[in-house]
Amino acid sequence: MTERILITSALPYINGVKHLGNLAGSMLPADVYARAMRLLGHDVLYICATDEHGTPAELAAAEAGQSVSAYCDAMHSAQAEAGESFKLSYDYFGRSSSESTRRLTQNFALALEANGFIEERTSKQVYSVADGRYLPDRYVEGTCPNCAFEAARGDQCDNCGKLLDPVDLINPYSAVSGSHDVEIRDTNHLYLKQADMSGRLRDWVESHTSDWPVLTTSIAMKWLDEGLRDRSITRDLEWGIPVLNADGEVREGFEGKVFYVWFDAPIAYIGATQDWAVKTGGDWEKFWRTDKGADATRYVQFMGKDNVAFHTLSFPTTIMGSGQPWKLVDELKAFNWVTWYGGKFSTSGKRGVFMDQAIDIAPSDYWRWHLMANAPEGSDAAFTWEEFQASVNSDLANVLGNFVNRITKYCAGKFDGKVPEGGSKTDAEAWIEKELSERLPRLVEFYEAREFRKAMADTRAIWAAGNEYLTQAAPWTHYKTDIDQAAIGVRYGLNLVALFGILAQPIIPDTAEKILAAINIPSDKRSWKFGEVQDLLNALPIGHDISAPDVLFSKIEDDDVDTWTEHFGGQPT
RNA sequence: GGUGAGGUAGCUCAGCUGGUUAGAGCGCAGGACUCAUAAUCCUGAGGUCGAGAGUUCAAGUCUCUCUCUCACUACCA
């Protein structure tokens, strides 16, 4: 049954090209899922965008000596390029700074306020005179009132671990400029009254305890159990979405203030969908407006575990509180972290491997396979160069690459590069048919359930079964005495190559294309409409021309691993 | 401090509502094969399931205590 599926992956923040952890935890699995669902015939829309507002963007722009908007333009392009290099198949890669998101954000705020979910309150915030800006808690440092550590951050002391309030720091200074000329000022902000939504949110989350991963519901329930607090949704910043009245004028007292990035970022999912519609002539409402058919859309979100609270609590508060018929997420897949030699990947700390560096080291397919086969689903997953090497050499080069190579070359050499006819089924053919009839439905189930590690393991097992089949069928042995019997082995082998290429498409699209081109499969014969296995293994017409592709995967040498380990500091800390 | 997620073969990880001899891949050892990227296929060795106590006919799986790791803790995103 064809379904309409909306897929979003958490928006990558604008302040730099993302590292492999970001890729593995949201964009890549969303892409693999999107590709698989398209192959299954679903009507898929995969949306992503850069998240461009907030203090770090302003600071990064200042450091780069650019205006914030010029900086964001440049970084958006860089991230779009990085996404393309990893073959992320976004239907649209938008920007949270777009006009559409600006309008939507302002409208959401007005609707929420009209419904009593927004309230203006005064809070105390540290202002740095030298920097000419208010400082988020993390950008204020000073002496910890608890342990006297001198470089405690405003939100938490790194020395004693105690949670702090920046106004309690002794001798505070700006972490941006180092200036001690800071003062505490009263400032007005809008607060989203999440507490008033707790009951509805709890009912909603509880209704999903059986179909969302534990990671997702446990994080959401933790926040609810602790008691949801109202969250400030504006900031004292220049760069962002201005706070307007219904008449379009800036709200009184909100000059120099904008919406908090976490208020507008998820709204950018909608904004980017509208931008996609403008660009393509598509209909965005059927994905987002429940009064325009979005009830029939299945909405699936992908994100790292740090984003779960925003996607299960604050964004839903925005949606529900608006009183308007917006679509809520149906399924939510959250990932843990990919860890890097005992620690976290870190953009600011420049720890780990970044997308632009990774693509210089190895083709995107290598990374896609390894990151999906070792996805941080159940718990944090360790990245090591040795594991990466093993994935590529063993799974891709030896199991898949070599299989394609051995049978296509043999066919080219002995059967003139044409699918041969003749021969009769033996135990070997019965065995592979049974194997596939069990594994293929399971594979599809794993994809539909977004169980990526299991899907990858099953895919690999199917590839390995191809090698085992050839060992059983041994056409090179039969060839000496009975060419027809050799022919069926080659024919089944070639059909397996075609199938493997078809199955590989969501994971390693470049290689899948090479395989399918070599085996000469037209694009309309590449979908995941698996019928009977016997038919699948006799899909190639007799006499069909094939060619042997060049070596599909070159192996990663020990020297490469040594070089990378040294260059990237991949050593146990 | 609080909360959450984890601690299962040398390594990376599966093990749903408790039930026969605890699984996979990699790595390692032996064998088979020779079409293929010294690839593949088969077989094998390797685990007191973090520690301790409890519930049960039966616990990796449930309860409690302890311990270690990681994450989150609301103005980083």
Side-chain angles (χ1 to χ4, degrees), chain A residues 10-15 51 53-57 59 123 125-126 134-140 153-156 160-163 165-166 189 194 214-215 218-219 221-223 225-226 228-232 234-236 260-262 265 304-310 313-314 336-337 339 342-344 347-348 373-384 386-387 389-391 393-395 397-399 401-411 413-414 451 453-454 456-457 460-461 464 466-472 474-477 479 486 489-490 493 548 550-555:
Chain A
L11 307 188
Y13 194 66
I14 195 70
N15 67 339
D51 175 13
H53 298 139
T55 306
L59 295 179
S123 63
Q125 191 69 29
V126 175
Y134 282 90
L135 297 173
D137 292 359
R138 287 204 179 190
Y139 291 93
V140 186
R153 280 176 307 148
D155 57 339
Q156 183 168 24
C160 65
K162 190 177 171 58
L163 293 180
D165 192 313
H189 284 294
Q194 297 186 129
V214 235
L215 182 64
S218 64
I219 291 173
M221 289 311 293
K222 176 202 120 187
W223 285 62
D225 287 344
E226 286 179 359
L228 215 48
R229 277 180 265 154
D230 298 337
R231 188 188 277 272
S232 159
T234 51
R235 293 287 184 276
D236 292 287
Y260 172 42
V261 41
W262 257 114
K305 60 184 171 185
D306 54 333
N307 280 341
V308 169
F310 296 103
L313 305 168
S314 52
N336 292 280
W337 305 120
T339 58
K344 271 183 23 164
T347 305
S348 53
N374 297 282
E377 282 182 307
S379 61
D380 291 350
F383 175 89
T384 68
E386 289 76 12
E387 289 287 327
Q389 178 190 32
S391 286
N393 291 359
S394 171
D395 300 343
N398 294 349
V399 175
N402 181 56
F403 175 80
V404 172
N405 209 248
R406 64 193 296 204
I407 192 66
T408 52
K409 274 193 174 171
Y410 191 74
C411 174
K414 304 287 191 190
E451 295 269 8
R453 273 180 182 254
K454 288 177 181 171
M456 297 308 114
R460 200 203 108 96
N467 281 309
E468 190 176 344
Y469 165 73
L470 282 187
T471 300
Q472 290 184 33
W476 46 88
T477 302
Y479 190 82
V490 171
D550 292 335
V551 167
L552 294 170
F553 304 98
S554 54
K555 291 193 190 177

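The analysis underlying the following values was restricted to heavy atoms, covering all of them including side chains, and did not include hydrogens, waters or symmetry mates. Protein chains get the first letters and strands the later ones, always in sequence-line order, with residue 1 at the start of each. For clarity, every value in this text was computed on a predicted model and none was experimentally measured.
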B:A5, B:C76, B:A74: which one has an atom nearest the side-chain heavy atoms of A:Asp137?
B:C76
Short side-chain N/O contact to B:A14 OP1/OP2 from A:Arg453, under 4.0 Å:
no
Need one value for A:Tyr479: base, sugar-phosphate or nothing, where a base atom within 4.0 Å counts as base even if backbone is also close, heavy atoms only.
nothing
Please work out whether the ring planes of A:Trp476 and A:Tyr410 are parallel, tilted or perpendicular, with thresholds of 30° and 60°.
perpendicular
Give a yes/no on whether any side-chain N or O of A:Lys305 is located under 4.0 angstrom from OP1 or OP2 of B:C70.
no
Which nucleotide, in any strand shown, forms a Watson-Crick or G-U wobble pair with B:A36, with both distances under 3.5 Å?
none
Would you mind pulling out the nucleotide paired to B:A71, Watson-Crick or G-U wobble, both distances under 3.5 Å?
B:U3
Using both distances under 3.5 Å as the test, list the Watson-Crick or G-U wobble partner of B:G25, or none.
B:C11
Under the side chain to side chain contact (heavy atoms under 4.5 Å, CB included) criterion, do A:Asp51 and A:Val261 qualify, and how do the steps go?
CA-CA 8 Å; A:Asp51 175 13; A:Val261 41; 3.0 Å; yes
At 4.0 Å (heavy atoms only), tell me whether A:Asp306 reaches a base, stays on the sugar-phosphate, or touches nothing.
base
Apply side chain to side chain contact (heavy atoms under 4.5 Å, CB included) to residues A:Phe403 and A:Leu470 and explain how you reach the verdict.
CA-CA 9 Å; A:Phe403 175 80; A:Leu470 282 187; 3.6 Å; yes
Which nucleotide, if any, forms a Watson-Crick or G-U wobble pair with B:C41, using both distances under 3.5 Å?
B:G31
Listed nucleotide nearest any side-chain atom of A:Tyr260, set B:G4, B:C75, B:C11
B:C75
What does A:Thr408 touch in the nucleic acid at a heavy-atom separation under 4.0 angstrom: a base, only the sugar-phosphate, or nothing?
nothing
Quick one: do A:Leu59 and A:Tyr139 satisfy side chain to side chain contact (heavy atoms under 4.5 Å, CB included)? Show the steps, please.
CA-CA 11 Å; A:Leu59 295 179; A:Tyr139 291 93; 3.3 Å; yes
What do the steps show when you test A:Ile219 against A:Lys305 for side chain to side chain contact (heavy atoms under 4.5 Å, CB included), and what is the final call?
CA-CA 8 Å; A:Ile219 291 173; A:Lys305 60 184 171 185; 4.0 Å; yes
Base, sugar-phosphate, or nothing for A:Gln125, non-hydrogen atoms under 4.0 angstrom?
base
Pairing check on B:C57: which nucleotide meets the Watson-Crick or G-U wobble criteria with it, both distances under 3.5 Å?
B:G19
Are A:His189 and A:Ser232 close enough that a side-chain donor and a side-chain acceptor fall under 3.5 Å?
no
Under 4.0 angstrom, heavy atoms only, what part of the nucleic acid is A:Ala461 near: base, sugar-phosphate, or nothing?
nothing
Quick one: look up who B:G52 pairs with, Watson-Crick or G-U, both distances under 3.5 Å, and put none if it's unpaired.
B:C64
Side chain of A:Arg138 (C-beta onward), nearest among B:A77, B:G4, B:C76
B:C76
Which one, B:C76, B:A74, B:C11, comes nearest to the side chain of A:Trp223?
B:A74
Which of the following nucleotides, B:A74, B:G2, B:C76, is nearest to the side chain of A:Lys222?
B:G2
C1' atoms of B:A24 and B:G46, separation to the nearest Å
15 Å
Going 5' to 3' along nucleotides 35-44 of chain B, which nucleotides have protein heavy atoms under 4.0 Å from the base (write B), which only from the sugar-phosphate (write S), and which from neither (write -)?
BBB-SSSS--
Checking one value: the base orientation of B:G46, syn if chi is within 90 degrees of 0, otherwise anti.
syn
